[in-house]
Amino acid sequence: MQEKKDATFSYQFPDGDRRLAFSRQSSFRHWDPPLPSPSPSPSPSPSPLLRSHSFKPYLARSDSTVGMPLLEKPGQKDATWVALILAAVRGVANGSRPMKRLALMISLNVAYSMIELLLGLFTGRVGLVSDAFHLTFGCGILTFSLFAMGISRKKPDETYTYGYKRLEVLAAFTNALFLLFLSFSLAVEALHAFMQDESEHKHYLIVSAVTNLLVNLLGVWFFRSYARVNIVYWKPEDMNYHSVCLHVLADSIRSAGLILASWFLTLGVENAEVLCLGIVSVAVFMLVLPLFKATGSILLQIAPSNIHPSAFNKCSRQIASLEEVLEVSQERFWELVPGYSIGSLSVLVKKGVHEDRILQHVNGLYNDLGIQDLTVQIDYK
Amino acid sequence: MERHNSPASASHSQVIEVNIDIDRDASSFPPISNPSPTSNNKACRGGTCDLSYSKDSPERWDSMRKLVIAVVLCIVFMTVEVIGGIKANSLAILTDAAHLLSDVAAFMISLFSLWAAGWEANPRQSYGFFRIEILGALVSIQMIWLLAGILVYEAIVRLIHDNGEVKGFLMFAVSAFGLVVNIIMALLLGHDHGHGHGHGHGHGHDHGHGHEHTHDHGHNHEHEHMHSHGHEHQHEDQDHEANTIPTKHQHDHSHSNDMKESLIKKGNKKPKRNINVHSAYLHVLGDSIQSVGVMVGGAVIWYKPEWKIIDLICTLIFSVIVLLTTIKMLRNILEVLMESTPREIDTTQLEKGLCAMNGVVAIHELHIWAITVGKVLLSCHVIIAPDADADRVLDEVLGYIRRDFNISHATIQIERH
């Protein structure tokens, strides 16, 4: 397989921070007129997928991703477990700060759940075992988030032409899904407690709940800047961090609820367990819903949410108002990750019109909106 | 859309479509950007620009009907079990009823995804609603994993509470009943598309043997036609000979022969099984495997109540088996959601073919991705020679992509060097 140059697009804002998007910025500072091609016939020696710098694509994307040491290249796949684990450890050690914190939290949780499981098995306490299982599931999901963080820095390759950043969105979605399941299962537990109406004082569970609460509060502290329900996502990592924060927040709410319930029980309040569990379930559900909707809408390829639909209409009207353009159709836009939008449209022009000008104009318009990657198909009447 | 009604028929049309089709589905696109009927818009030639199932697609109604029948059956069985469990005051039966409830939930998710895929595309959701299928399948599979975990947890609880509460015989009987129910539903869900139109012939010999067989065949088959196209038919014929049940396969054999003659080139066959039905099928399959595991554990406890640990080991093994069955589908889902190049498209061949065309100098920014399994889109920038006719090159490129790779939605940006 020939070595291909790295893809020249980045997920950073190529022309500066678009958060100040009201100022129209010139989109074509990087446009260099291409050199005439030396060999008109496509000979096999130049790579057919020319990503070299002999010409620049219309939307020049400077490769400004931070070059951090990556995980192992997919070329030599060392399938031995030891090598994989070593690579993972190295990836985390070289990773960003949130990654390290997440890794720390996961290891704490894993250690804790192992202890709980063994204790529960040996002493025969079912409550401990079920708690351990729940923790392990949560740890699994968090590990997936960690993995997504690590692998998302890889450059795009043949199969994953858009890169690996989507995985972060997917990890956030999985987290949100898990939390929804959690809220549902808490509701079922509340129902169960309501019907069974036995308030067993599981004292040993208090200790476990307190420890769980402490560990999760540590996690919330690590990701405290994301401890909100509604966040505007600027980068894909935002979604991942937000989902992790919500995860630990929900866990800590659950532990707090359990502690509260058992305290109320000792106070003699009837149905305390039902009440607390119900409140916790509703709270977790409300927490998670915005994240679930946001990640879901990206995965479903809904049009970018940070761009108002009227802006799209305005753009297409502006293009249609050019005198060479007959009509604009099939505009489709979607978000790859928060902060990077992709689109394609089809433009019908009169015969004999040179396409360069149209392409420039269209690309400029949409680039100002925030669509970084646009494919324009020009049809001639 | 009066012309090609079902998306499945698009795969029939392996002929080179030269007709300039101006028939457009007005409701698929926002009114402001609908090309006028007199325009010569190449983008949607051949009427295959359906980004939503047309309302009377037979494949869709088939799948929906199957799922509805499965849901109804499930609910009936579940009520039977709940009543029996309350009367016999047995937790095991109620747990099994809860598992059937999870089956119902999985079917509901699949039904909803199927129904939602028929919604018309709108400017906000410009690619239609097919992705909902994928997300629904993801949710289903997460539920399968969750249930496997719950079952292992129950086995551990059974191990801990070993004070004779657990009646081995009851476990065995309940899970046997559950197994029968699940097998009925698996047959119902899997026993489809085989007698459908030509496109279903891939299925024909998938199902119809025993339970585990169908699964293996299904997997091999998908594997086969994910890769190169040419020698697929030979594979199928060999599979046909190997099958022993005569009646069903005469039917399917004739189908496969038809397909073989009607294919002109090394056309791509799309993987056929509807992903919603497939995920529901996986769910039922997982449940039946677990029922088998619980049956084995129940039988062991019944015969030798002191070998309780075998129950846990059995459950663990069977849970792992269930998880393994979901891996393949999970991988497909992951690839679609990551917008990666679908496995059935040979990128290097595409690039070579494109570059070998007249007037094409180079291509770059080639992105091929799928909305759902089987619906592929492409976008690419093509650099042409300064003197080439952009219109003609565009036609050729689009035609090539449509013909050889069956990608109906391609957006090509022609740039002049």
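By convention in this document, chain letters (A, B, ...) are assigned in the order of the sequence lines, proteins followed by strands, and residues within each chain are numbered from 1. No hydrogens, no waters, no symmetry mates; every other heavy atom, side chains included, goes into these values.
- By the 4.5 Å heavy-atom criterion applied to side chains, B:Q142 and A:T174 are counted as neighbours.
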Self-check item: Test side chain to side chain contact (heavy atoms under 4.5 Å, CB included) applied to A:K351 and B:D391, step by step
Solution: CA-CA 9 Å; A:K351 227 181 188 24; B:D391 209 16; 3.4 Å; yes
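- For the pair B:L135 and A:L299, the minimum side-chain heavy-atom distance is below 4.5 Å.
- Within a 6.0 Å radius of CZ in B:R392, other residues, nucleotides and ligands contribute more than 12 heavy atoms.
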Practice problem: Would you please test B:L337 and A:F173 for side chain to side chain contact (heavy atoms under 4.5 Å, CB included) and show each step? | Solution: CA-CA 11 Å; B:L337 285 179; A:F173 181 75; 6.0 Å; no
Self-check item: B:M143/A:F181 under side chain to side chain contact (heavy atoms under 4.5 Å, CB included): CA gap, chis, key distance, verdict
Solution: CA-CA 9 Å; B:M143 263 175 46; A:F181 281 156; 3.5 Å; yes
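- For A:Y160, the parts sitting under 4.5 Å from any heavy atom of chain B are the backbone and the side chain alike.
- Heavy atoms closer than 4.5 Å to chain A are found in both the backbone and the side chain of B:V139.
- Put simply, CZ on A:R166 and CG on B:L334 are 11.0 Å apart, with the number rounded to the nearest 0.5 Å.
- A side-chain hydrogen bond (donor to acceptor under 3.5 Å, both in side chains) with A:T161 is found for exactly one of B:E339, B:E365, B:H367, namely B:H367.
- Heavy-atom pairs under 4.5 Å with chain B peak, among A:L167, A:T136, A:I378, at A:L167.
- With a 4.5 Å cut-off on non-hydrogen atoms, A:F312 does not touch chain B at all.
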Quiz prompt | Test side chain to side chain contact (heavy atoms under 4.5 Å, CB included) applied to A:Y380 and B:L394, step by step | solution = CA-CA 10 Å; A:Y380 294 93; B:L394 185 64; 6.0 Å; no
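- A donor-acceptor pair is defined here as one N or O able to donate and one able to accept, closer than 3.5 Å; no such pair exists between the side chain of B:R124 and the backbone of A:I302.
- When each of B:N358, B:L146, B:I368 is checked for heavy-atom pairs under 4.5 Å with chain A, B:L146 comes out on top.
- Under the 4.5 Å side-chain criterion, counting only non-hydrogen atoms from C-beta, A:Q377 is in contact with B:L398.
- Proximity to chain B (any heavy atom under 4.5 Å) is restricted, for A:L345, to the backbone atoms N, CA, C and O.
- Closest approach of B:Q413 to A:L374, counting heavy atoms only: OE1-O, 3.6 Å.
- When all heavy atoms of B:V152 and A:F133 are compared, the closest pair comes out as CG1-CZ, 3.7 Å.
- The CD1 atom of B:I150 sits 11.0 Å away from atom OG of A:S130, with the distance rounded to the nearest 0.5 Å.
- By the 30° and 60° cut-offs, the orientation of the rings of B:W369 relative to A:W334 is tilted.
- Taking all atoms of both residues into account, the shortest heavy-atom contact from B:Q125 to A:L300 is NE2-O, 3.0 Å.
- Residue A:A303 comes nearest to B:P123 through the heavy atom pair CB-O, 4.1 Å, listed as atom of the first residue, atom of the second, then distance.
- Of all heavy-atom pairs spanning A:G163 and B:M338, the tightest one is O-CE, 4.2 Å.
- To the nearest 0.5 Å, atoms CG (B:L366) and OG1 (A:T375) are separated by 10.0 Å.
- In this structure, chain B has a heavy atom under 4.5 Å from the side chain of A:I141, while its backbone stays farther away.
- Judged purely by atom type and a 3.5 angstrom limit, A:R332 has no side-chain atom pairing as donor or acceptor with the backbone of B:Y127.
- Using a 4.5 Å cut-off between heavy atoms, B:T411 contacts chain A through both its backbone and its side chain.
- Considering CD of A:Q330 and OG of B:S126, their distance stands at 10.5 Å, rounded to 0.5 Å.
- Proximity to chain A is absent for every atom of B:L354, based on heavy atoms less than 4.5 angstrom apart.
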